[in-house]
Amino acid sequence: MNCDSLIADSVSIGLVLVDGTGRVCLWNGWIELRAARPSAQVLGLTLGEAFGARIDPRIVLVVREALDFGWSSRLSHALHPMPLPLFQPGSEHGERMLQAVDVTPVDIDGERCCLLQVRDVTETVRREALLRQQARQLREDIQRLSRAQAELQRSEMRFRELARQAPAGLFEADSDACCVFLNERCEQLLGHRLAQVAGTPWPELLPAVEEARIRERWLLAVESATRFAEEFRYSHPDGSPLWMRAEAGPLRDPQGHISGFIGTIQDVTEFHERASRNEFRANHDGLTSLLNRDRFERHLRAAISGAREVTDRLALLFIDLDGFKSINDTHGHLAGDTVLKVVASRVRRVVRSEDRVARYGGDEFAVLLYEAGDEKTLSAIVAKITHAVALPINLGHCHVRVGCSIGSAVYPDDSQDPLGLLTSADRRMYAAKRGQPF
Amino acid sequence: MRAFSELEMDALTEAFNLSLGEAAATFSAIVREEIDLTVPVVEFVSREELTRRLQSAQDGCADGRMCRINQHFQADEGFSTDALLLFPEQGSLEIVRRMLGDDTSIEHITELEQDALAEIGNIIINSCMNSLAGLIGSEMVGSLPRVQCRSIPRLLDDKAPDNLILVARIGMSMSAHNLSGFVLFLMDVPSIDNFMAQVSRVFGLPEALPEAK
């Protein structure tokens, strides 16, 4: 029995042996420690006496079954959490330790005995509680993820449909300016399918005059990570010349680097045409298409402030038609309009393209010559204009002639300011008209 | 092997039925909840036939795995049998977790749940064995239960193919859960002969019938 006791005390589970009469005949060290009763005190007692009658009645029952019928039984922790009054060594005797008990019949020297094996399942319970907590956490995470995924799918569908129906062209380009997405409208505007242009930096689709400028702006936007907004000319593959406006903002990858741009492309051709028509109308005379008075005087002021720096000589000519009124009276206003248009184009042809010609009002014209030259040169130009104006003008049913009086003023000789020049030229023009030398 | 008469099969069924009633009462006391075990259907089949039936019964079930709780019983006169209780893994998990009051979904059975399932099987098998021991008139000493979860084709591959299997199909229900399981007794050839002789003896004599209960 000593040897048996030694073995029984060496195992790390609780062992209690009950003999055929239901009395304790082995009580190992593991149990001694946890039941706080030495073996010597309990040998020969019933289980109830040994444990102090505070044991689960099912233990008593299965011990009886083992002794009487030879049945083995397991009392799981789940269904019998703490059947025996056992406590963690060193703990206050508050809460019993968590246990699982196996009860088996054993034959010892021809006598049917019953062995109770008690396991401490505290650690297992803790581990499984942790496992459950993790499983719950995982389930919640998965639910959250799948909700987020569903929301993502909905929003992706929403945006895809929006992009499809959007009236503006939408595009996305990578950092090399190659398109990675074009909506239908964008493909229509550009006249290309995405597959056709995917490998090409988009500025290369532009006409040569725009390509370099736009590429430079694009690179600048990529480098500075700023918004790209440019208007440019575009030749649609069907041949129509268009104006486009592209606006795009940078897209960043998870590291914060610019991975591309996303934005819109709009056809602004009509807007451009209307704007340039309006601008022309604001600056030009509707009948002759020459500059109007307002615009001319602005050119004059600009030329004077420019000339001060480079010491250029500028000349201002005032031209007033002679005999215009009688044509108007005789042949009507339409004939008068024809005369004004013809004179305008003749004066325009005499001077150089960079010089400015304006219809100053009624039958008055003004010319700004950027390089006046000397007096002789100026006189030659005046003579040329006089000659050109004086040529016969074809009205369809007859020819008419008009003459002109020209007054000139030179910067900086006559005046150094626009008003002075205008006054001077005006006075000389009237003097010429009266046939008086100034 | 001679076939059992209808009367003998009825008597076996009745014997199991009484035992299962006791098992159900034991459960209800442990979990403090009503647990029903249905009247069993008892028959003898071969291992192959049983595997085939289990497979068709489990068709469409998640992964077709079953848990088996196994106890070995030995009688003095060389008669021995393996008693097995089979439950679908998913269903047994549900019922064990229902008993433990935790429905956290963990794919496979945990150690403590396996222990609880062992106890459930232990109670049912011990009750059924009580009926058989009564029939044979001999004490059967049992081992501790052992739980294993396997796919159906591998469920019985550690048992000899020529074992005759006494199968009692039982149903177990608790709250809204219904679980259908099988209690099996696998016997080797000498045990079959012994068992048959005992059953013949008991059921062959009409006045012996009350003894079997």
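Throughout, a chain's letter reflects where its sequence line sits, starting with A, and its residues are numbered from 1.
- Looking at B:Q114, neither its backbone nor its side chain comes within 4.5 Å of chain A, counting heavy atoms on both sides.
- The list of side-chain hydrogen bond (donor to acceptor under 3.5 Å, both in side chains) pairs with a residue in residues 58-67 of chain A, not counting sequence neighbours, reads A:R64-A:D68.
- With chain A as the partner, the residue from B:V141, B:L112, B:T110 showing the most heavy-atom pairs under 4.5 Å is B:L112.
- In this structure, the side chain of A:D102 does not engage the main chain of B:L144 through any donor-acceptor pair within 3.5 Å.
- The shortest heavy-atom contact between B:E113 and A:R132 is OE2-NH2, 2.7 Å.
- A:R126 and B:E111 are not joined by a salt bridge, as no carboxylate oxygen comes within less than 4.0 angstrom of a charged side-chain nitrogen.
- Heavy atoms of B:I123 lying under 4.5 Å from chain A belong exclusively to its side chain.
- With a 4.5 Å cut-off on non-hydrogen atoms, B:N122 touches chain A through its side chain but not through its backbone.
- Atom CZ of A:R23 is surrounded by more than 12 heavy atoms from other residues, nucleotides or ligands within 6.0 Å.
- Side-chain contact check for A:H77 versus B:D115: every heavy-atom pair is 4.5 Å or farther apart.
- Within residues 148-163 of chain A, no residue approaches chain B closer than 4.5 Å by heavy atoms.
- Contacts of A:V125 with chain B are made by both backbone and side-chain atoms, with heavy-atom separations under 4.5 Å.
- Using modelled atom types, no side-chain atom of A:S76 and backbone atom of B:E119 make a donor-acceptor pair closer than 3.5 Å.
- Of all heavy-atom pairs between B:E139 and A:G70, the closest is OE2-N, 4.3 Å.
- Proximity to chain B at a heavy-atom threshold of 4.5 Å picks out A:R112, A:Q117, A:R119 from residues 110-119 of chain A, in numerical order.
- The stretch residues 78-86 of chain A places A:A78, A:L79, A:H80 near chain B, each with some heavy atom under 4.5 Å from a heavy atom of that chain.
- Comparing A:A66, A:P105, A:S73 by heavy-atom pairs within less than 4.5 Å of chain B, the highest count is held by A:S73.
- When heavy atoms are compared at a cutoff of 4.5 Å, A:T104 approaches chain B solely by way of its side chain, counted from C-beta outward.
- Only the backbone of B:S143 has a heavy atom closer than 4.5 Å to any heavy atom of chain A.
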